[in-house]
Protein chains: 2
Amino acid sequence: MLEEKTKIFKALSDPNRLRILKALQTKVLCVCEIRELLQLANSTVSQHLSILKEEGFILEEKAGKWINYSINPRPSDPRISSILSTLDFWIGDENVIIADKKIICCLDRKLICC
Amino acid sequence: MLEEKTKIFKALSDPNRLRILKALQTKVLCVCEIRELLQLANSTVSQHLSILKEEGFILEEKAGKWINYSINPRPSDPRISSILSTLDFWIGDENVIIADKKIICCLDRKLICC
DNA sequence: AAAGAGTTTCGTTATAAAACGAAATGTTAA
DNA sequence: TTAACATTTCGTTTTATAACGAAACTCTTT
């Protein structure tokens, strides 16, 4: 079904989901860190993460109170591997730097520090 | 702007637009041929074509009464070139055969002949 | 100049997606 | 076991997308 094939593109059509992928490529993050990074409601972030997980872009792992999300190192779909290994080609290479407990990121020419 | 970068994925998130790209890779087509192929209203096809053209996937050329659409052979955006040259990788390789004046195509396991 | 064919634009409707807050669920630590 | 925190689910609202038909536009032919 071609409808099924569009899902990968749908997952990549939202700027916040692209930001999440980018951020996760620098560091494993939990929902609350991503919430701070993107300034979105918890439930909204959760929804984006479930879409990315559903498609195989990311993995989740429980760590006590937190649930850590990370880039899937071995996606079964070669298209996902391809996108993940060439993400800068598709969406550019603006910095998303996450240092220590602080998250410093440059999104759309705006520096956000949380 | 990351919002801008999502446009290429948005353009590819619709199954009918993917069918159009696939069909155009086999043959130059006018709107009315694509309409028959996809069984959509003229205005709907026109809208899809304008999105694909806007993003640089396809070109249009007037030919008398008709407007022919074709795959852009030299897109300025390398991402477009990449998608176009590896389309089967992204969406599979079901046949879309266009012979003579008849269009015979196999979409989602259904043979359509117009 | 008028008729006819192909295409686009416009206005509308229906469906899908993104966002939020509140409530529910699960986990750790007092 | 309760309190506090992290996350998800649910219900709702807003916004975006896909589709259509009718009307407008363009080009060709008579």
Side-chain angles (χ1 to χ4, degrees), chain A residues 1-21 23-24 28-55 57-70 101 103 107-108 114, chain B residues 1-21 23-24 28-55 57-70 101 103 107-108 114:
Chain A
M1 283 293 230
L2 215 41
E3 275 74 9
E4 199 62 28
K5 304 287 178 64
T6 63
K7 282 191 175 176
I8 186 173
F9 297 122
K10 278 194 202 296
L12 295 166
S13 322
D14 182 272
N16 287 322
R17 284 197 288 272
L18 294 179
R19 292 190 181 102
I20 291 173
L21 288 182
L24 290 179
V28 170
L29 295 166
C30 65
V31 179
C32 62
E33 290 175 303
I34 297 170
R35 182 196 63 215
E36 290 304 318
L37 188 67
L38 302 184
Q39 298 287 297
L40 291 173
N42 242 320
S43 53
T44 306
V45 172
S46 184
Q47 175 61 9
H48 283 314
L49 288 168
S50 85
I51 290 167
L52 291 172
K53 184 171 58 127
E54 180 70 26
E55 287 310 299
F57 285 102
I58 61 176
L59 300 176
E60 74 174 34
E61 188 190 13
K62 289 203 172 178
K65 205 180 294 187
W66 292 269
I67 300 179
N68 287 326
Y69 287 87
S70 57
K101 294 225 171 120
I103 297 166
L107 298 173
D108 297 345
C114 7
Chain B
M1 284 292 230
L2 214 42
E3 275 73 9
E4 199 63 29
K5 304 287 177 68
T6 63
K7 282 192 177 176
I8 185 174
F9 298 121
K10 277 194 204 294
L12 296 166
S13 331
D14 181 90
N16 286 321
R17 284 196 289 272
L18 294 179
R19 293 190 179 101
I20 290 172
L21 288 182
L24 290 180
V28 170
L29 294 166
C30 66
V31 179
C32 63
E33 290 175 303
I34 298 170
R35 183 196 62 215
E36 292 302 319
L37 188 66
L38 302 183
Q39 298 286 297
L40 292 173
N42 241 322
S43 53
T44 305
V45 172
S46 184
Q47 175 62 9
H48 283 314
L49 288 168
S50 86
I51 290 168
L52 292 172
K53 184 171 59 129
E54 181 71 24
E55 288 310 300
F57 284 101
I58 61 175
L59 299 176
E60 73 173 36
E61 189 190 12
K62 290 203 174 178
K65 206 178 294 187
W66 291 269
I67 301 179
N68 287 326
Y69 287 87
S70 56
K101 295 226 171 121
I103 297 165
L107 296 173
D108 297 345
C114 7

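Naming: A, B, ... by sequence-line order, numbering from 1 per chain.
Positionally, the nearest nucleotide of DNA chain D for A:Trp66 lies more toward the 5' end than for the other of B:Asp14 and A:Trp66. Residue A:Cys32 is the one, among A:Cys32 and A:Lys10, whose nearest nucleotide of DNA chain D lies closer to the 5' end (criterion: closest heavy atom). DNA chain C is contacted by both B:Tyr69 and A:Gln47; B:Tyr69 maps to the nucleotide lying nearer its 5′ end (nearest heavy atom per residue). Mapping A:Val45 and B:Ile67 onto DNA chain C by nearest heavy atom places B:Ile67 at the nucleotide closer to the 5' end.
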Show the distances under 3.5 angstrom between N or O atoms of the protein and N or O atoms of nucleotides 21-24 of chain C.
residue: C:dG21; atom: N7; partner: A:Ser43; partner atom: OG; Å: 3.4
residue: C:dG21; atom: O6; partner: A:Ser43; partner atom: OG; Å: 3.0

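Distance, B:Asn42 CG to D:dA18 P: 18 Å, rounded to whole Å. If you measure from atom CD1 of A:Ile34 to atom P of D:dT7, you get 9 Å, rounded to the nearest angstrom. Rounded to whole Å, the distance from CZ on A:Phe9 to C1' on C:dA17 is 19 Å. For the pair A:Leu38 CG and C:dA18 P, the interatomic distance rounds to 14 Å; values are reported in whole Å. Between B:Ile58 atom CD1 and C:dT7 atom C1' there is a gap of 14 Å when expressed in whole angstrom units. Summarising the geometry, the separation between CG on A:Leu49 and P on C:dA18 is reported as 13 Å, rounded to the nearest angstrom. At whole-Å resolution of the value, CD1 in A:Ile51 and P in C:dA16 are 14 Å apart. Spacing between atom CZ of B:Arg35 and atom P of C:dG6 amounts to 8 Å, rounded to whole angstrom units.
With rounding to the nearest 0.5 Å, the separation of CZ in A:Arg19 from CG in B:Leu2 is 5.0 Å. With values rounded to the nearest 0.5 angstrom, B:Gln47 atom CD is found 9.0 Å from B:Ser43 atom OG. Atom CZ of B:Arg35 and atom CG of B:Leu29 lie 12.5 Å apart (nearest 0.5 Å). Atom CD1 of B:Ile51 sits about 10.0 Å away from atom OG of B:Ser46, to the nearest 0.5 Å.
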Counting only pairs under 3.5 Å, give me each side-chain donor-acceptor contact of residues 6-15 of chain B, with atom names and distances, residues two or more places apart or in other chains.
residue: B:Thr6; atom: OG1; partner: B:Glu3; partner atom: O; Å: 2.6
residue: B:Lys7; atom: NZ; partner: B:Glu4; partner atom: OE2; Å: 3.4
residue: B:Lys10; atom: NZ; partner: A:Ser13; partner atom: O; Å: 3.1
residue: B:Ser13; atom: OG; partner: A:Ser13; partner atom: OG; Å: 3.1
residue: B:Ser13; atom: OG; partner: B:Phe9; partner atom: O; Å: 2.6
residue: B:Ser13; atom: OG; partner: B:Lys10; partner atom: O; Å: 3.2
residue: B:Asp14; atom: OD2; partner: B:Asn16; partner atom: N; Å: 2.8
residue: B:Asp14; atom: OD2; partner: B:Arg17; partner atom: N; Å: 3.2

Contacts table for residues 57-69 of chain A: side-chain donor-acceptor under 3.5 angstrom, sequence neighbours left out:
residue: A:Glu60; atom: OE1; partner: A:Lys53; partner atom: NZ; Å: 3.4
residue: A:Glu60; atom: OE1; partner: A:Tyr69; partner atom: OH; Å: 2.9

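Looking at residues two or more places apart in sequence or on another chain, you find a side-chain contact (heavy atoms from CB on, under 4.5 Å) between A:Thr44 and A:Leu40, A:Ala41, A:His48.
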For this session: Starting at the 5' end of nucleotides 23-30 of chain D, put B wherever the base has a protein heavy atom under 4.0 Å, S where only the sugar-phosphate does, and a dash everywhere else.
Result: ---SSS--
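Scanning both residues, B:Leu37 and B:Ala23, for their nearest heavy atoms gives CD2-CB, 3.5 Å.
When heavy atoms are screened at a 4.0 angstrom cut-off, B:Arg17 is found touching the sugar-phosphate backbone but no base atom.
Of the side-chain N and O atoms in A:Asn16, one or more sit less than 4.0 angstrom from OP1 or OP2 of C:dA19. One finds no side-chain N or O of A:His48 lying less than 4.0 angstrom from the OP1 or OP2 phosphate oxygen of C:dA17.
The side chain of B:Leu40 has D:dC20 as its nearest neighbour among D:dC20, C:dC20, C:dT7.
Using five terminal pairs a side, the axes of the helix from C:dA1-D:dT30 to C:dA30-D:dT1 at its two ends make an angle of 20°, given in steps of 10 degrees.
At least one donor-acceptor pair under 3.5 Å links the side chain of B:Gln39 to the backbone N or O of B:Glu36.
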